[in-house]
Asks: 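Here you go, one structure.
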Amino acid sequence: MKDIVIRTVCRVIVPFVQVYGLYVIFHGHLSPGGGFAGGAILGSSMVLFALSFHLEAGAQKLGHETSSYLESGGGIWYILIGLLGLALGSNFLTNRAAGLGFGLPGQLFSGGMIFLLSLGIGVKVASTMFTLFYNLSEEEGSGGDHQ
Amino acid sequence: MSLHLPVISIALLLLASFVMPLLRRGARAAALPFTLSVLGAVFTVSLYLIYLVESRGAFSYHVGGWPPPWGVELYIDHLAVYMMMVLSSICLVVMVYGARDLYHEIRAEVMSWYYTLYLLLLASMIGIALTNDLFTLFVFLEISTISACGIISIKKDRECIEASFKYLILSVLGSGCVLLGVAMIYMITGYLNYDFVAQELPQAIAEYPYNILMALSLFIVGFSVKSALFPLHIWLPDAHSSAPSPSSAVLSGLVIKIYAAAILRLLFRVFPAELFEVVPVLDILLFLSVLAVMAGSIFAMVQEDIKRMLAYSSIAQIGFVFMGIGLFGNRALLGGLVHIFNHALMKSMLFLAAGLIIYAAGIRNIRDLRGIGVRMPLTMGAFAIGAFSMVGIPGTNGFISKWHLALGALDLGRPFFVAIILLSSLLNGIYYLPIVINAFFGVKIEPRSEHRDVPGMMLVPVLILAAGVIFFGFYPGPILALLEQAIVL
Amino acid sequence: MPLLDFFLLSFLIVSAVAVARTRDLLSAVIIFAAYSLVMAIIWQMLGAPDVAITEAALGAGVTTFLFLATISKTQRLE
Amino acid sequence: MEAVFYNFMPIWTVMFPIFMSMVIFIISRRSEKLRDGLSVATAVVTFFSVAAMYPYLAAGNIIDYTIFDILPGLGVSVRVDILSFSLAIISSFVWMLVAIYSIDYMSHEHGGDRYYPIFIFTLGSCLGIFMAGDFFTLFIFFELMSLISYVLVIHEETREALRAGYKYLIMTIIGGLALFFAIILTFELAGTVSLSQGTLITAAGTLPFLAFLSFLVGFGMKAGMFPLHVWLPDAHPVAPSPASALLSGIMLKTGAYGMLRVLFTVFNIPLVKETGWDMIMLVLAVITILLGSAVALTQEDLKRRLAYSSVGQMGYIILGMALLNETALVGDVFHIFSHALMKSTLFLAAGAIIWKTGLRNINDLQGIGKKMPVTMGAFTIAALAMIGIPPLNGFLSKWTLALGALEAGAPLYVVVLLISSLLNGLYYLPIIIAAFFGGEEEEEGGHHGEGIPFNIQEAAHRMVIPVAILGLACIVFGLMPNNFAFELSLRTASFLINAGMP
Amino acid sequence: MEIISRLLENYYYFVSMVLFIIGIHTMLTHSNLIKKVIGMNIMDTSIFLFFVSIGYRRGGMAPIIQPGVEAEMYVNPLPSALILTGIVVAVSVTAYALSLIVELYKQYGTCCANEIAQIRAREES
């Protein structure tokens, strides 16, 4: 796909899509969406970029290795945040009871750690998308996908 | 703090599974000790949880501090800790074996993925055992499906790929049925938490009898596919025989059982007992289990590949678990449940022994196993113990489960099922014992040149499991005591 | 039964049948993408916006891409 | 203190051989001499350990001790009463002699490293059956013995042996499962399977009947009762001769022992009589007797003929217990003694002949009595005892059995016994006559292919002496009507008739 | 007639069941592996549709906190979380199944289950 139109359009669109993806991730506790949806949007933006330019171009922006590191990192992040609730003397994944605050309508940083959890999920889903894309596009496919 | 242990152990497993892919190059050597220590820690936790539940009774845990019906709830009762103990102990032992065996079955680069999938599988199975709501059940069900397929297809064999594809499609079908069942339940009651659903269902029977019935049948179909109850078993022989041996051991020993435990929990805690009086669901399960027991044994008799034979034998043995559920008497349930543990012990041991033979001698065909016992006496000795246990010779744990199942059937005045159990034992004898005999006696076949030495790290787990078979044959008291509390009807 | 509901739902059924019947896998995948989008619209109408967003992104977008990549690697016709 | 000691004795007598079998297994790699000596020593010690229990039991005590419980109401326990003792003493006695016999016999055979540990282990498990305190323990040892003795059956590893062994194994599993079913039914009905609780099942019904039938199948399989005898004539001849002697002489009796326990402990005489279950046993016993004796006639192979003869003799034992009166029981228990002695004499003698000449066919054995007079002499005594010639122990047991049959008002069984004795005579006498009086003319004609080689002498001393002792025992226990064995039989019978309570 | 009218009342359920059956049918009867996976997706979405329509039927608002709305008026957020998970799982399974298909194609040169079975049967004989 070396079409100049596609490339130009994508170059313009991709940042917007990414910003939207981030928006969806960060407003997961306030409005529809969240880590899953936002991560998918973010991930598809990267896939779009890689598709419209070149596989290598995509790989330059986000390498295969980095992508899978991010994937694991997202999961670890999630679990660690969950364990934070324990560290604060409450249940796993506890938010409100541990005094981390409760979501207030319209305020971005009001949801305590939900925000951070969404971030973890978003990163994980986005990088998973990208890894999947690589695995299917390249000749060597790694069998084990996981979620 | 100790109340947090169940969730901590699941979190620990998930954490470890995410960490695994991060271990690259130099750090790769750390993967195995790390995995083993995590598994060991979970096993220790499960033992402590048994003590905890014994001493202070069942307790529930609200993830995120949200009370049900909103929050995700874990319910840690006797059955749950029993299953957790079974899962973690077998997983630990199999991993000790697998660490050595896998290097010759799969490529070194994907070993870290194997650990990831393995830990995920264990985490999801523990999740299924502990969960108290349909939501979490479904999530863990799906994770376990994918990771179970993953540990088959990680061996890039054409048989493995095809088998895991078949397994995947049918499992997803099963999950779909379960999800639809969950939807039905939610439609009727408006809840997903077991306790709340159980509260609502008795009133709902009069109003929506068909929906409840449909939900129940969907659950049964869904879980039967996953646990390979007889007519829905078609995926199992391929999947379990082609997988790497440690995967086969876990799949046959644990994975199919956890779904049986899940359906038991649903029948037990969610659906009202009056329903079973109206609808012959249990009789259908019984009928299928009898078919499974007989058909599995008969199919196993005609197999030539040793792992395939073991896989078919699993179909028969899962029939025993379902027979216990279907009979639904105290003692029969006890027999079915204790068979989960007993069969996990013996079948994983048999698969590991078969794997050891394949590793050392490169033999898969049963006819070529002649004289292998002379070369590998310990392995075949363990295999013989497993075979005796399958037949139900007293002094092995297979006897204990058959004893309780048979007594349970008699308690309910159904000696027919005792006859089925005995017939199946006879069939087991007919196909297991000749292997043992041919291995030790009779015409020797010249060993092939490629005979490898058996590493101690692979032999020890097999011997540990064999010792377990004998030990729990003579000393099943603690397990039975635990289970007796688990099934107070 | 509101008209829009009727249209969308019949579209679902028709496209599902079409997916099952068509022999060209590429068309099947494209029809399936349309199916997913319509499904997302229906969910939005049913008051599940988060599900709708996710379905639009994952179901219609990513799944379609995955199918296309697979088809490009294997065969297009059944 | 005394009771504690005697509680420990059965455990010791059972576990000592089992433990020693492991020791022998380890030692056999080092030295063959040590291995052989240790085996004999173990058998001797075991015999004296069993005998040491006699004074305590003769005083009317019963050793009863639960070791541990596996499940509530289901434990591993030992119990020795006079019946257990009778069987244990004869078993360990024969075992001891066979152990001595084995030393030379096995020196020619391969796989002695395997034979001796298994041989001693079987002794332990066999005693375990007799000394078990409940049916569960009995079942464990029963299965253990059956499975372990499989190795003895197929010891020679010929194709024929393996086929016979497979048949044996399958039948054993069927028998084991039937036993399992029976035990589980008993447990369900009585809540326990202990032998010391008095009668376990007192009421008739479908389940008790099923339990009875399953017990009959399970133990009848082992005892070679018609129609479950099919494995026996295949399995016994293919084993090495000492093992055949034990299989036929002792191990069949475990089945008989089990049946005695079933009739007198699980059920009781009134119940069995009332329901008519004894008729089932009687009919089967009669068929077993006639069939065993008749088919033995047609066998050419010496050991096969002896094996079929065992089937017939087991029929006597089943008949004796099914008559359900004290006189018959005396004869029954005494016949267990007699048959153990006679049949092991016969098999050991046959083994010595085969060991020396390599001939198994009866027609080839012309004139062997002149070459091996002691062996053939013992053989003759035992064979005459089998037929029931008066001064020998076989006569005494048959006589008592016949008296019991008359007491039960069933002279028909006396006729059966007579017919069977006649048949016994028909198939034993030709062997004896040919052995002592035949031979000369055959050597010239030689139409049987190979005759006996000229240079044949008696077998080694350690083989001849056990045979001679056993042969002598046949005479001794027959000549003296108040001998030790007969006393034991009397006591056992009255013990059993009094419903297992001393 | 009553059945039909009830069906018309619950047309969302009806449609989702029809889709479910189409999905299962495609999944089980089509021999092309990619078609099987598409059928699987149809089956999954039909269940999600069923789920969502239940929530809709029971009334209530989307579980988005807005000022001045009582907690009782929101629908239970669990099912929608369940569906979200379900969608993600469905995508993962799809991706995984497709990677298996690619692998199978490499090994057997076909995506047709029947042909693969034939090849295997030929190999075994």
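Excluded from the calculations below are hydrogen atoms, water molecules and symmetry mates; all remaining heavy atoms, backbone and side chain alike, are included. Quick note on labels: first sequence line is chain A, next is B, and so on, each numbered from 1.
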Asks: So, for E/Lys35 and C/Ala28, which heavy atoms are closest and what is the spacing to 0.1 Å?
Replies: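 E/Lys35 and C/Ala28 have their closest heavy atoms at CE-CB, 4.0 Å.
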
Asks: Could you measure the distance from the CD1 atom of E/Ile42 to the OG atom of C/Ser15? Nearest 0.5 Å is fine.
Replies: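 Answer rounded to 0.5 Å: 7.5 Å.
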
Asks: Using ring pair (Phe, Tyr, Trp, His ring centres under 6.0 Å) as the criterion, list what pairs up with C/Phe67, not counting sequence neighbours.
Replies: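 None.
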
Asks: Is C/Ile13 in contact with chain E via its backbone, its side chain, both, or neither, using a 4.5 Å heavy-atom distance?
Replies: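 Backbone plus side chain of C/Ile13, per the 4.5 Å heavy-atom cut-off to chain E.
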
Asks: I need the C/Lys73 NZ to E/Ile101 CD1 distance, nearest 0.5 Å.
Replies: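 Here the rounded value is 13.0 Å.
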
Asks: Any side-chain heavy-atom pair from E/Thr45 and C/Glu55 closer than 4.5 angstrom?
Replies: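 They are in side-chain contact.
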
Asks: Shortest non-hydrogen contact from C/Met39 to E/Leu19?
Replies: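 The pair with the smallest heavy-atom distance is CE-CD1, 4.2 Å.
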
Asks: Sort E/Thr26 into side chain, backbone, both or neither according to what part of it lies under 4.5 angstrom from a heavy atom of chain C.
Replies: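 Interface part for E/Thr26: side chain.
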
Asks: Let me know if E/Ile38 has heavy atoms under 4.5 Å from chain C in its side chain, its backbone, both or neither.
Replies: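 E/Ile38 touches chain C through backbone and side-chain heavy atoms alike.
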
Asks: Under 3.5 Å, is there a donor-acceptor pair linking the side chains of C/Asp5 and E/Tyr12?
Replies: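 Yes, a side-chain donor-acceptor pair sits under 3.5 Å.
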
Asks: Under a 3.5 Å threshold, yes or no: a donor from one side chain and an acceptor from the other, between E/Tyr105 and C/Thr70?
Replies: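 Judged by distance alone, the side chains do not pair up.
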
Asks: Can you check whether C/Leu46 reaches E/Leu49 side chain to side chain, under 4.5 Å on heavy atoms?
Replies: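 Yes, side chains in contact.
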
Asks: Please give me the minimum heavy-atom distance between E/Val88 and C/Leu58, naming the atom from each residue.
Replies: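 Of all heavy-atom pairs spanning E/Val88 and C/Leu58, the closest is CG2-CD1, 3.8 Å.
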
Asks: Where does E/Ile22 contact chain C at under 4.5 Å (heavy atoms): side chain, backbone, both or neither?
Replies: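 The side chain, not the backbone.
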
Asks: Please identify each residue that fulfils ring pair (Phe, Tyr, Trp, His ring centres under 6.0 Å) with E/Phe48, with sequence neighbours left out.
Replies: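 Applying ring pair (Phe, Tyr, Trp, His ring centres under 6.0 Å) to E/Phe48 gives none.
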
Asks: I need the minimum non-hydrogen distance between C/Leu66 and E/Ala95, along with the two atoms involved.
Replies: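 Here C/Leu66 and E/Ala95 meet closest at CD1-CB, 3.6 Å.
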
Asks: For C/Val51, is it the side chain, the backbone, both, or neither that has a heavy atom closer than 4.5 Å to a heavy atom of chain E?
Replies: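 For C/Val51, backbone and side chain are both near chain E.
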
